[in-house]
Amino acid sequence: MRILSGVQPSGVLHIGNYFGAIRQFIELQGDNECYYFLADLHALTTVHDGEELRRNTRELATAFLALGLDPERSVLYRQSDIVEIPELTWILSTVTSMGLLQRCHSYKDKVAQGLVPSHGLFAYPVLMAADILIVSSDRVPVGKDQKQHLEVTRDIALSFHARYGEEVFTLPEPIILDEVAVVPGVDGRKMSKSYGNTIDIFGPEKAIRKRIMSIVTDSTPVEEPKPREGSSLYQLLRLFAPEGEREWVERAFDEGGVGYGEMKKRLFGWYLDSFGEARRRFEELSQDPDEVERVLADGAGRAREVVVPLMDRIRSLVGIR
Ligand code: ADP
Ligand code: TRP
């Protein structure tokens, strides 16, 4: 099966991104042909500083590699290195109705959040359709907020087939990731960089410890049992507890006698056990940006092996060049 997904390099990665998405990407490498890319063209809708975007993109590539993406097995590339993507975007935009894009809730949500209501933001799903269709991916792992974009992608592919009378595109199916794990943030809402409630995967240990110690809890005294319901500390402990310690978490909540401060210290320890290795690899790779660039250049080359023949076919079909 050919799998494809993209992540926007729009900020630092948090553990929600890992448990909700990247972990699945890494696991899918086992039995599939995986294409993962850094969606820097999409990020232009929110990151408006060139140096920052370049840095974010390199860091996201470094993070993927540190977290276990195997560049021998999977193809990792930067979206903007595949110049055929914006070309296909334009072609697809001529078969995409305004109404289809007007129905997209992510555009409306983003404008409501205060993003510039640019044409790029409006046409964002067409660029995403080009990403997906150009590598003929069968399955696309995405969060539930992106499900509609997959439906739009299929609609666009069908319109193209109807107009040009040839089924050049594979119709992709989503793999919805939000059903796997929704990670709560330190304030109890869904962890999200837009809420400022994240626990990051990389970055200074001290700052992460501080974040974990700031997880909001109620005022149940140390000796009393603690409510699990609605407790993000409980959910995070469950997420990180090693097999043999799960019972400790249950008892700490049910029987009392363990304060929230102590639980948070445990959580921090388990966080380091889980991500320590990846954090070390991230530091190492950060010292070797040439190696990351080499992986991305190789990935772009391999992606273009599937992109170029399909694009030639499309150009010939629509009558350009
Ligand atoms: P953010 O909300 O921080 O901006 P993104 O929208 O960039 O995060 O998320 C990228 C990916 O990470 C998505 O596929 C999404 O499903 C996943 N993800 C983000 N936050 C969480 C979370 N709190 N729990 C589970 N998965 C998450
Ligand atoms: N829109 C996706 C997001 O914000 C990122 C993305 C861009 C993507 N192109 C894609 C995801 C193609 C899957 C397939 O998370």
Side-chain angles (χ1 to χ4, degrees), residues 3-11 13 16-17 20-22 25 35-50 52-54 56-57 60 77-137 139-160 169-178 190 192-195 303 307 311 314:
I3 307 271
L4 165 131
S5 198
V7 178
Q8 290 194 59
S10 50
L13 283 183
N17 299 137
I22 296 175
F25 294 170
Y35 289 76
Y36 295 128
F37 68 94
L38 318 162
D40 55 351
L41 295 175
H42 278 102
L44 287 174
T45 57
T46 51
V47 183
H48 299 154
D49 179 292
E52 185 186 338
L53 182 57
R54 230 185 317 278
N56 284 353
T57 306
L60 183 58
Y77 56 100
R78 192 169 21 215
Q79 183 184 31
S80 59
D81 283 341
I82 313 295
V83 293
E84 289 82 358
I85 292 175
E87 182 182 355
L88 180 60
T89 301
W90 174 252
I91 295 173
L92 295 179
S93 77
T94 66
V95 302
T96 305
S97 74
M98 288 293 286
L100 185 66
L101 297 180
Q102 271 156 354
R103 284 193 292 279
C104 288
H105 46 67
S106 86
Y107 172 74
K108 290 179 259 182
D109 292 350
K110 285 176 178 172
V111 173
Q113 279 168 27
L115 291 196
V116 186
S118 63
H119 172 259
L121 196 62
F122 184 69
Y124 179 113
V126 189
L127 178 58
M128 185 158 161
D131 295 329
I132 296 169
L133 298 174
I134 207 160
V135 300
S136 306
S137 34
R139 305 295 299 268
V140 181
V142 282
K144 137 165 127 252
D145 59 320
Q146 300 293 319
K147 184 165 178 252
Q148 192 183 31
H149 291 157
L150 260 288
E151 286 154 16
V152 167
T153 299
R154 294 170 60 95
D155 280 350
I156 293 176
L158 291 171
S159 301
F160 186 92
F169 296 126
T170 303
L171 296 183
E173 296 279 352
I175 300 175
I176 302 299
L177 296 173
D178 275 11
K190 179 182 168 176
S192 171
K193 56 182 168 281
S194 44
Y195 296 149
V307 163
M311 202 57 214
I314 292 165

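- The shortest side-chain heavy-atom distance between Ser106 and His149 falls under the 4.5 Å cut-off.
- With hydrogens and angles ignored, the 3.5 Å screen pairs a side-chain donor or acceptor of Tyr36 with a backbone N or O of Phe25.
- Shown here are the side-chain contact (heavy atoms from CB on, under 4.5 Å) partners of Arg154, two or more places apart in sequence or in another chain: Leu171, Pro172, Glu173.
- To the nearest 0.5 Å, atom NE2 of residue His119 and atom CG of residue Leu101 are 8.0 Å apart.
- Atom OG1 of Thr96 and atom CG of Leu100 lie 6.5 Å apart (nearest 0.5 Å).
- Of the inter-residue distances, the one linking Gln148 atom CD with Gln146 atom CD reads 10.0 Å to the nearest 0.5 angstrom.
- With sequence neighbours excluded, the residues satisfying side-chain contact (heavy atoms from CB on, under 4.5 Å) with Val307 are Ile82, Glu84, Ile134, Val135.
- Rounding to the nearest 0.5 Å places OG1 of Thr153 at 4.0 Å from CD1 of Ile132.
- The shortest side-chain heavy-atom distance between Leu133 and Thr170 does not fall under the 4.5 Å cut-off.
- Of all the heavy atoms in Leu177 and Pro141, the pair that sits closest is CD1-C, 3.9 Å.
- A distance of 8.0 Å separates NZ of Lys190 from OH of Tyr195, quoted to the nearest 0.5 Å.
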Run the side-chain contact (heavy atoms from CB on, under 4.5 Å) test on Tyr124 and Thr45 for me, step by step, so that the C-alpha distance in whole Å, both residues' side-chain angles and the decisive distance to 0.1 Å come before the verdict. CA-CA 9 Å; Tyr124 179 113; Thr45 57; 4.3 Å; yes
Take Leu121 and Val116, measure what side-chain contact (heavy atoms from CB on, under 4.5 Å) needs, and give me the verdict at the end.
CA-CA 8 Å; Leu121 196 62; Val116 186; over 6 Å; no
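- The aromatic rings of Tyr107 and Phe122 sit perpendicular to each other, their planes meeting at more than 60°, with 30° as the lower class boundary.
- The backbone N or O of Ser10 sits nowhere less than 3.5 Å from a side-chain atom of Glu52 that would complete a donor-acceptor pair.
- Rounding to the nearest 0.5 Å places CD1 of Ile85 at 7.0 Å from CG of Leu41.
- The backbone N or O of Ala39 lies less than 3.5 Å from no partner atom in the side chain of Gln8, so there is not a single donor-acceptor pair.
- Less than 6.0 angstrom separates the ring centroid of Phe169 from the ring centroid of Phe160.
- When all heavy atoms of Val142 and Ser5 are compared, the pair lying nearest together is CG1-OG, 4.3 Å.
- A search for side chain to side chain donor-acceptor pair (under 3.5 Å) contacts involving Ser97 returns nothing, not counting sequence neighbours.
- Using a distance-only test at 3.5 Å, with no hydrogens or angles considered, no donor-acceptor pair links the side chain of Ser80 to the main chain of Asp40.
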- Query: Checking side-chain contact (heavy atoms from CB on, under 4.5 Å) for the pair Ile314/Ile91: CA distance, chi angles, key distance, verdict?
  - Reply: CA-CA 9 Å; Ile314 292 165; Ile91 295 173; 4.2 Å; yes
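- Looking only at side-chain heavy atoms (C-beta outward), Arg78 and Phe37 stay at 4.5 Å or farther from each other.
- Gln79 places no side-chain N or O within donor-acceptor distance of the main-chain N or O of Asp131, the cut-off being under 3.5 Å.
- Inter-residue side-chain proximity for Val152 and Ile156 is flagged as met; some heavy-atom pair is nearer than 4.5 Å.
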Are Leu38 and Val7 close enough, and set up right, to give a side-chain contact (heavy atoms from CB on, under 4.5 Å), and what steps lead you there?
CA-CA 5 Å; Leu38 318 162; Val7 178; 5.9 Å; no
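- Side chain of Ser137 to main chain of Arg139: no donor-acceptor pair is present (N/O by atom type, distance under 3.5 Å, no hydrogens or angles).
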